[in-house]
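From a predicted model like this one, the values you see are computed outputs, not experimental measurements. Throughout, protein chains are lettered first and strands after them, A, B, ... in sequence-line order, and every chain is numbered starting at 1. We use all heavy atoms of the structure for the numbers below, so side chains are in, but hydrogens, waters and symmetry mates are not.
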Amino acid sequence: MNANRYVEGLLRAALDTRGWSWPDKAVIEPPKDRKFGDISANVAMLLAAQAKKAPRQVAEDLAADLAQAPDVASAEVAGPGFLNVTLAPGFWRRVLPEILSQGEAFGSSTVGAGRKVQVEYVSANPTGPLHIGHGRGAALGDSLSRILAKAGFDVEREYYINDAGRQMRLLGTSIWVRLQQAQGRPVPDPEDFYRGDYIRDLAAEVLAKYPDILSRPEAEAVDLCYEYGMNAIMDGIKKDLSDFRVGHDVWFSEKSLLAEGLVDKTFAFLKDRGLAFEQDGAFWFKTTELGDDKDRVLRKSSGELTYFASDIAYHDHKYRRGFDMVVDIWGADHHGYVPRMQAAVEALGRKGCLHVILVQLVNLLKGGEQIAMSTRAGQFETLRDVIDEVGADAARFMFLSRKSDSKLDFDLDLVKQKTMDNPVYYVQYAFARICSVRRKAAEQDLAPAEAEPAALALLDTAEDLELLQHLARFQDTVEAAARSYSPHLVSYYLQELASTLHKYYTLHHVLSADRPLCRARLLLLDCVARVLRNGLDLLGVSAPESM
RNA sequence: GUCCCCGUAGCUCAGUUGGAUAGAGCGAUAGCCUCCUAAGCUGUAGGCCACAGGUUCGAUUCCUGUCGGGGACACCA
């Protein structure tokens with residue numbers, strides 16, 4: 001049962017019969033302080049002018065109407081005109097049969113209305129292994145996709161592979177140089193190339209695969225190095241993501257954009273609309289006309305395309321695929337890129353259809369001491385090392401417990417600890433505890449009660465009610481997380497639910513209660529476990545049955 | 001210099017399209033296992049929501065400015 005919607009329905013009906021129209025800024029939500037009831041509404045204050053009455057009088061009128069509804073225990077007026085509604089316990093108990101019948105679908109909704117959303121995340125250049133910063137973006141994108149799908153959006157998850165351009169040539173050259181050096185050729189390190197140890201490993205693998213490579217023409221050799229290196233690194237990235245339980249539906253190649261001539265089409269389109277021009281031998285996009293502070297180059301005077309050029313074509317391609325909304329997850333260091341990308345989207349006629357999430361830096365610590373993030377192979381800088389060190393569950397939960405626009409301190413020692421500084425175990429433990437009770441109950445041949453009024457009525461303590469109300473709030477939480485692109489709301493919800501469960505567990509012994517009460521409580525715990533599992537699943541974190 | 005993000009308890013952070021007496025964990029401190037997992041529970045202490053104005057019935061939330069921390073400002077990717 002969705003309490004907010006139930007009360008809103010009652011209020012709308014009351015307003016209708018009184019001939020008042022629904023105020024835009026009406027908010028119906030649980031109040032911060034429980035003593036103000038279950039649900040609080042501010043409509044009376046907003047209606048005062050329209051009703052030509054004092055806010056408190058309007059509230060009194062509405063309270064009288066609400067009090068007629070069967071599930072309303074009380075409706076009171078407080079403060080300047082707040083309407084505080086308390087619902088009957090029977091209302092809250094109805095959430096249990098709902099959870100049982102919906103199972104893993106519980107919490108889903110239709111607010112997305114099937115609208116097509118694309119979420120693009122990670123999209124790291126295949127020039128080296130993923131690092132911990134990529135991990136944060138990966139966890140965020142993956143979890144956000146799950147949440148959006150749960151909220152009824154039609155979600156596609158995508159990884160954009162920058163497999164064209166300078167960086168890729170640099171990768172080929174880097175491997176080629178290392179390969180020659182390993183074979184004793186006196187080749188100096190170029191000014192600009194990749195220095196990580198993994199390049200030497202790749203060089204050795206290339207040599208093993210193409211023993212005659214040293215005798216081939218340089219250009220061909222570099223190509224072989226590039227090709228092999230990119231594929232090998234991409235395979236490694238896919239393996240890392242998969243072990244981090246991060247999925248993508250589409251791996252989109254930048255090269256394919258160029259091959260299909262989409263960049264040229266985009267250029268022509270912009271030129272037709274008077275938004276592009278030639279100057280100093282380069283081709284420019286007039287982004288200043290669309291809110292950017294500087295025009296941007298699409299094709300350099302050297303003839304090379306900038307990344308921006310293919311990014312515009314890429315986004316055009318996204319919208320042509322039918323997405324109503326595109327979410328891009330980028331590192332915060334790309335924030336300067338946002339205005340020009342928004343300008344491009346506007347030029348494409350899709351203003352408002354791009355949402356960019358900037359993920360702030362991850363500060364890697366160990367025992368409170370900062371670990372320098374050098375480009376050389378350090379101790380724990382790669383995502384792989386982090387997964388091996390602390391596990392995917394702990395790492396994901398940590399990433400997803402912060403707003404994306406806050407910097408994140410990721411302390412390896414802390415994340416391994418089993419304390420509330422590391423809440424993943426707190427939530428998982430709540431689930432494991434319930435599983436343990438279930439096992440013990442099964443040994444005593446005790447099964448959960450059927451979700452029938454007689455059994456439900458036994459769940460009558462303050463702690464029962466608190467759990468029921470929390471369960472009923474799950475769907476709202478998912479919707480809020482989807483609406484604001486904020487998986488961390490789910491993380492906080494789960495910590496609160498776990499806390500409520502732990503308190504319940506301590507106060508109300510399940511197995512020693514008399515048989516009907518015990519079975520009713522088992523039913524309740526079953527439902528809590530279900531919601532914990534559904535919530536953890538949205539974060540991509542496992543729900544272990546024992547710890 | 002211009003722009004973006006952040007500034008809430010000693011520490012790490014929440015605070016739901018502006019709501020009532022600002023929350024949680026950690027740390028500190030005092031308690032709770034003959035009983036379903038103590039990876040847990042309960043109590044206490046701890047705050048000028050960086051600062052100053054503005055908008056309004058009402059601001060931690062929105063606007064402007066100041067201070068402090070971080071980042072971005074290429075015909076780089």
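The same atom, C1', is picked in rC6(B) and in rU60(B); the two are 14 Å apart, to the nearest Å. Of the C1' atoms belonging to rA59(B) and rG53(B), the separation is 13 Å, rounded to the nearest Å. Using P as the reference atom, rG46(B) and rA24(B) are 14 Å apart when rounded to the nearest Å. rA45(B) and rA50(B): their P atoms are spaced 24 Å apart (whole Å). As rounded to the nearest Å, rU66(B) and rC75(B) have C1' atoms that lie 38 Å from one another. Between the C1' atoms of rU8(B) and rA14(B), the separation comes to 10 Å (whole Å). Using atom C1' as the reference point in both rA72(B) and rU12(B), the two lie 26 Å apart (nearest Å). The gap from the C1' atom of rG40(B) to that of rC3(B) amounts to 48 Å, rounded to the nearest Å.
A distance-only check finds no donor-acceptor pair linking the side chain of S499(A) to the backbone of Q495(A) [under 3.5 Å]. A distance-only check finds no donor-acceptor pair linking the side chain of Y505(A) to the backbone of V510(A) [under 3.5 Å]. A donor-acceptor pair under 3.5 Å is absent between the side-chain atoms of W284(A) and the main chain of D295(A), judged by distance alone. At least one donor-acceptor pair closer than 3.5 Å links the side chain of T306(A) to the backbone N or O of L298(A). With N422(A) contributing its side chain and V415(A) its backbone, the two residues share a donor-acceptor pair below 3.5 Å. The main-chain N or O of L539(A) is found under 3.5 Å from a side-chain atom of R396(A) such that the two form a donor-acceptor pair.
In this structure, S484(A) reaches neither bases nor backbone, as no heavy-atom distance under 4.0 Å exists between it and the strands shown. Among the protein residues, P339(A) comes within range of no part of the nucleic acid, since none of its heavy atoms lies under 4.0 Å from any strand. At the heavy-atom level, N84(A) lies under 4.0 Å from base atoms of the strands shown. Using a 4.0 Å heavy-atom criterion, one finds that S40(A) contacts the bases of the nucleic acid, with or without backbone contacts as well. Within 4.0 Å of A430(A), counting heavy atoms only, lies no atom of the nucleic acid at all.
Judged by closest nucleotide on RNA chain B, H488(A) is the one of A432(A) and H488(A) placed further toward the 5' end.
Cation-pi geometry between R296(A) and F308(A) is not met: the NZ or CZ atom fails to fall both under 6.0 Å from the ring centre and inside 45° of the normal.
Note: CG (L83(A)) to P (rA20(B)) measures 16 Å, nearest angstrom. In this entry the distance linking CE of M398(A) with C1' of rC26(B) reads 11 Å, nearest Å. Nucleotide rG40(B) holds its C1' atom 12 Å from the CE atom of M547(A), rounded to whole Å. Atom pair R483(A):CZ and rU16(B):C1' shows a separation of 8 Å (rounding to whole Å applied). Between the CZ atom of R402(A) and the P atom of rU8(B) there is a distance of 13 Å, rounded to whole Å. Atom CG in L414(A) sits roughly 13 Å away from atom C1' in rC13(B) (whole-Å rounding). Rounded to an integer number of Å, the gap from N42(A) CG to rU61(B) P is 18 Å. A straight line from CG of D405(A) to P of rG15(B) spans 9 Å, rounded to a whole angstrom.
A donor atom on one side chain and an acceptor atom on the other are not found under 3.5 Å apart for D38(A) and T86(A). With no hydrogens or angles considered, a side-chain donor-acceptor pair links Y194(A) and Q167(A) at under 3.5 Å. Y314(A) and E158(A) form a side-chain donor-acceptor contact under 3.5 Å, judged by distance and modelled atom types alone.
Within residues 497-512 of chain A, the residues approaching RNA chain B are H502(A), K503(A), Y505(A), T506(A), H508(A), H509(A), V510(A), L511(A), by heavy-atom distance under 4.0 Å.
Stacking between Y492(A) and rA14(B) is absent: the ring centroid is not both under 5.5 Å from the six-membered base ring centre and under 30° in plane angle.
Helical stems of RNA chain B (runs of at least 3 Watson-Crick or G-U pairs, donor-acceptor distances under 3.5 Å) are listed by first residue: B:1-7 with B:67-73, B:10-13 with B:23-26, B:28-32 with B:40-44, B:50-54 with B:62-66.
Around atom NZ of K300(A), more than 12 heavy atoms belonging to other residues, nucleotides or ligands sit under 6.0 Å away.
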Scan nucleotides 71-77 of chain B nucleotide by nucleotide, 5' to 3', and note B when protein non-hydrogen atoms come under 4.0 Å of the base, S if they reach only the sugar-phosphate, - if neither. BS--BSB
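A distance of 6.0 Å or more separates the ring centres of F36(A) and F82(A).
Taking only side-chain nitrogens and oxygens, S406(A) comes nearer than 4.0 Å to OP1 or OP2 of rA14(B). Note on Y426(A): a side-chain N or O is less than 4.0 Å away from OP1 or OP2 of rC41(B). Taking side-chain N and O atoms only, R433(A) has a distance below 4.0 Å to OP1 or OP2 of rA38(B).
For the atom pair CG of L83(A) and OG of S40(A), the computed distance is 7.5 Å after rounding to the nearest 0.5 Å. Distance check, rounded to the nearest 0.5 Å: CE of M234(A) to OG of S253(A) gives 10.0 Å.
Classified by its glycosidic torsion, rC33(B) falls in the syn category, the angle being within 90° of 0.
Among the nucleotides rA20(B), rU16(B), rU12(B), the one closest to the side chain of A78(A) is rA20(B).
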